[in-house]
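Order of appearance sets the numbers: ligands from 1, and atoms from 1 within every ligand.
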Amino acid sequence: MDLQASTRSVHIACIMDGNGRWAKRRGLPRTEGHTAGEENLAEVVRVCSKRNVSHLTVFGFSTENWVRPPAEVKHILSLHKRLFGRIEELNANNVRIQWIGRPFNEPGSKTPGFIQRAIEQAIADTAHNTGMVLTVAFDYGSRAELLRAADRARNHSRIPSQVTRDLINQNLYAPDLPPVDVVVRTSGESRISNFMLWQICGAKVYFTERTWPDFDEHEIDNAIKLTNGS
Ligand code: FPP
């Protein structure tokens, strides 16, 4: 079976679950699991770009994750800074960075300044790349995105009562992002949470028992296989 997605556009969206459980099984602190998760994400990016996946979207930090213990939040934020700083690798793999989440200048945004700057820098430093688009969802929640899109659609519609599908599409955080072909959730959880609820309409779903730090090349191929023929 052809695992190369060469001539068609394939969008994989990942809910990277199970970092804590990965660490617990090894008698390590949860933070070590997140560190291993970030390292694995860098590997997944490399493999997906080699497979000619056109879009990889990852749930890095949700609008609900802010209530985790402050030390854990601080650690996860530092890992985002690390990921956004991997410019050399991203450029070597021709990967363009994109971000979705509550816009920095709007009420409700919680993204601290150092992460805002890291995101903006990574977007600028990879803007010339023409290969895979890596979209990181940070301070992201699908319901917040959809409420904002509906509000803006109403304001932009000539007839306010007529909110159309196109108007919602145009007012998502990243309107150019194509529909998701396959959603992945690791760690044996069979649910979607608050992730890309509009964009995953019609997508295949790949649930795996593997925790995120153990999500490897073979698993990526299993997810890609689901998109063949769709
Ligand atoms: C789930 O693990 C993962 C997260 C809360 C998101 C953070 C993801 C990473 C740090 C991976 C690297 C990604 C980026 C973008 C830097 P969990 O804590 O919910 O695990 P558990 O369910 O086993 O406790």
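- Checked against a 3.5 angstrom limit, the closest N/O atoms of Asn65 and ligand 1 fall outside it.
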* For the pair Arg102 and Arg148, evaluate side-chain contact (heavy atoms from CB on, under 4.5 Å) and give the outcome as yes or no after the intermediate values. => CA-CA 9 Å; Arg102 290 187 287 202; Arg148 176 179 180 272; over 6 Å; no

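- Checked against a 3.5 angstrom limit, the closest N/O atoms of Leu41 and ligand 1 fall outside it.
- From the protein, the heavy atom lying nearest to atom 20 (O) of ligand 1 is Gly20 N, 3.1 Å.
- With a 4.0 Å cut-off on non-hydrogen atoms, Arg82 does not touch ligand 1 at all.
- Below 4.0 Å from some heavy atom of Leu83 lie the following atoms of ligand 1, by number and element: 15 (C).
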* Test His11 against Met196 for side-chain contact (heavy atoms from CB on, under 4.5 Å), laying out the working first. => CA-CA 12 Å; His11 185 179; Met196 311 281 282; 4.2 Å; yes

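- Here the side chain of Asp181 pairs no donor or acceptor atom with the backbone of Ile12 at under 3.5 angstrom.
- Every atom of ligand 1 with a heavy atom of His34 under 4.0 Å away is listed here by number and element: 2 (O), 10 (C), 18 (O).
- Listed by number with element, the atoms of ligand 1 under 4.0 Å from a non-hydrogen atom of Arg21 are 21 (P), 22 (O), 23 (O).
- Of the protein's non-hydrogen atoms, the one nearest atom 15 (C) of ligand 1 is His80 NE2, 3.3 Å.
- The protein heavy atom nearest to atom 4 (C) of ligand 1 is Met16 O, 4.1 Å.
- At a cut-off of 3.5 Å, with distance as the only test, a side-chain donor of Thr130 or Asn94 sits close to an acceptor on the other residue.
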* Please step through salt bridge (charged side-chain N to carboxylate O under 4.0 Å, His left out) for the pair Arg30 and Glu72, ending with a clear verdict. => CA-CA 8 Å; Arg30 291 177 58 77; Glu72 186 177 346; 3.2 Å; yes

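- Close to ligand 1: Gly18, with a non-hydrogen atom less than 4.0 angstrom away.
- Looking at ligand 1, you won't find any N or O of Glu38 less than 3.5 Å from one of its N or O atoms.
- Looking only at atom types and distance, the side chain of Asn91 has a donor-acceptor partner in the side chain of Asn129 under 3.5 Å away.
- In terms of protein heavy-atom proximity, atom 24 (O) of ligand 1 is nearest to Arg30 NH1, 3.0 Å.
- Contact annotation: for Asn19 versus ligand 1, heavy atoms closer than 4.0 Å belong to both the backbone and the side chain.
- Among protein heavy atoms, atom 7 (C) of ligand 1 sits closest to Gly60 O, 3.3 Å.
- When only interatomic distances are considered, the shortest N/O to N/O separation between Asp17 and ligand 1 falls below 3.5 Å.
- Shown are Thr126, Thr135, Thr57; of these, the side chain to side chain donor-acceptor pair (under 3.5 Å) with Gln98 is made only by Thr135.
- Taking the six-membered ring for Trp and the full ring otherwise, the centers of Phe61 and Trp66 sit less than 6.0 Å from each other.
- Polar contact with ligand 1: present for Arg68 (N/O pair, distance under 3.5 Å).
- At a heavy-atom cutoff of 4.0 Å, ligand 1 is contacted by no atom of Lys24, backbone or side chain.
- Ring pair Phe215/Trp212 is parallel by interplanar angle, where below 30° counts as parallel and above 60° as perpendicular.
- Neither side chain, Gln116 nor Gln121, offers a donor N or O lying under 3.5 Å from an acceptor on the other.
- Within the structure, ligand 1 has Leu79 among the residues with a heavy atom less than 4.0 angstrom away.
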* **From CA spacing to verdict: side chain to side chain donor-acceptor pair (under 3.5 Å), Thr208, Glu219** => CA-CA 8 Å; Thr208 170; Glu219 292 280 307; 2.8 Å; yes

